[in-house]
Amino acid sequence: MKKRKRRIPCGTMDMYKTFFASSDEEKLAELCWKELIINECLGLPPDFVANYRNDRSRDSLLGLHYFPAIEDDNTGKTAHEDPSCFTILYQDEVRGLEVHKDDQWIPIAPSKDKLIVNIGDVIQVLSNNRFKSATHRVVRPREANRYSCTFFYNVQGDKWVEPLPQFTKQIGESPKYRGFLFGEYMQLRIKNMTHPPDRPEDLIHITHYSISN
Ligand SMILES: O=C(O)CCC(=O)C(=O)O
Ligand SMILES: [Fe+2]
């Protein structure tokens with residue numbers, strides 16, 4: 001059996017530094033959340049996130065990924081949606097990130113000075129499906145080591161997540177999800193990885209909380 005190269009070369013650190021050098025990670029997330037997502041997309045008051053995440057500001061998760069070049073396998077990450085509010089992502093020049101849209105996988109070109117922001121499941125639920133959690137995957141090009149950083153902007157585990165009145169009652173729409181604790185959903189998603197079900201269709205997605213009208 002071929003031995004897998006697992007050692008992370010020193011160069012990786014440069015990429016992680018690039019990711020963090022630009023700004024304080026929490027400021028970066030706040031900027032996206034307040035200015036970009038709330039003001040421009042969701043159309044909610046500018047202080048919404050401060051109120052929604054009232055008591056804590058650092059419920060985030062950082063992923064540092066290394067996809068080693070393996071001859072017989074170029075799978076990076078299979079298709080999925082992030083359980084977060086949103087995810088800020090940086091991939092190196094090797095590329096590989098793809099987003100699913102209109103029945104097609106669209107490659108996302110890497111750029112040294114650009115970060116990618118993916119909507120996550122929490123926003124999909126809060127907005128009652130107005131904003132779709134990005135379905136994405138990683139297909140690593142053959143013979144290339146790939147590195148990426150992901151910053152998952154979450155809410156605290158005991159936060160109750162359900163469609164907001166702005167996207168339901170106030171516009172005469174019925175909720176498409178029942179409410180749940182964010183921590184409970186995270187546990188189910190982690191269990192997907194630690195105890196994968198025999199059948200892929202039994203993996204837990206946000207649809208676990210869907211209300212069929
Ligand atoms: O490596 C990437 O570009 C994406 C990783 C990812 O989708 C994830 O960690 O959820
Ligand atoms: Fe992801």
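All residue numbers refer to positions in the sequence shown, counting from 1. As the structure is a prediction and not an experimental result, all values here were calculated from the model. Numbering of ligands and ligand atoms starts at 1, following listing order. All values below come from the heavy atoms of this structure, side chains included, with hydrogens, waters and symmetry mates left out.
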How far is atom 3 (O) of ligand 1 from the closest protein heavy atom, and which atom is that?
Arg146 NH2, 2.7 Å
More than 12 heavy atoms of other residues, nucleotides or ligands under 6.0 Å from CZ of Arg95: is that the case?
no
Would you say the side chain of Trp160 lies within less than 4.5 Å of the side chain of Leu181, judging by non-hydrogen atoms?
yes
Leu89 heavy atoms, cut-off 4.0 Å: which ligand 1 atoms fall inside?
3 (O), 4 (C)
Aromatic ring pairing His100/Trp105, orientation class (parallel under 30°, perpendicular over 60°, tilted between):
tilted
Part of Thr87 within contact of ligand 1 (heavy atoms, under 4.0 Å)
neither
Parallel, tilted or perpendicular: ring planes of Tyr185 versus Phe180, cut at 30 and 60 degrees
perpendicular
Looking at His80, Glu98, Glu81, which one forms a side chain to side chain donor-acceptor pair (under 3.5 Å) with His136?
His80
Give the minimum heavy-atom separation between Thr168 and Ser174, together with the two atoms involved.
CG2-C, 4.4 Å
N or O pair under 3.5 Å between Ser148 and ligand 1
yes
For the NZ atom on Lys169, are there more than 12 heavy atoms of other groups (residues, nucleotides or ligands in this structure) within a distance under 6.0 Å?
no
Identity and separation of the nearest protein heavy atom to atom 4 (C) of ligand 1
Val138 CG2, 3.6 Å
Note, Ile204 side chain near Lys191 side chain (heavy atom, < 4.5 Å)
no
If you count the atoms of ligand 1 from 1 in the order shown, which ones are under 4.0 Å from a heavy atom of Phe152?
8 (C), 9 (O), 10 (O)
Atom of Asp82 nearest the Fe ion (ligand 2) (restricted to N/O/S, atom name only)
OD1
Please write down residue, atom name and distance for the protein heavy atom closest to atom 9 (O) of ligand 1.
His65 NE2, 2.9 Å
Would you mind reporting whether Ser133 and Ile123 have side-chain heavy atoms less than 4.5 Å apart?
no
Taking 4.0 angstrom as the limit and counting only heavy atoms of His136, give me the atoms of ligand 1 inside it, by number and element.
7 (O)
What N, O or S atom of His136 is found closest to the Fe ion (ligand 2)?
NE2
If you measure from each heavy atom of His80 to ligand 1, is any distance below 4.0 Å?
yes
List ligand 1 atoms under 4.0 Å from Asp82, heavy atoms only on the residue side.
10 (O)
Counting from 1 in the order shown, the ligand 1 atoms closer than 4.0 Å to a non-hydrogen atom of Lys77 are 5 (C), 6 (C), 7 (O), 8 (C), 9 (O), 10 (O)
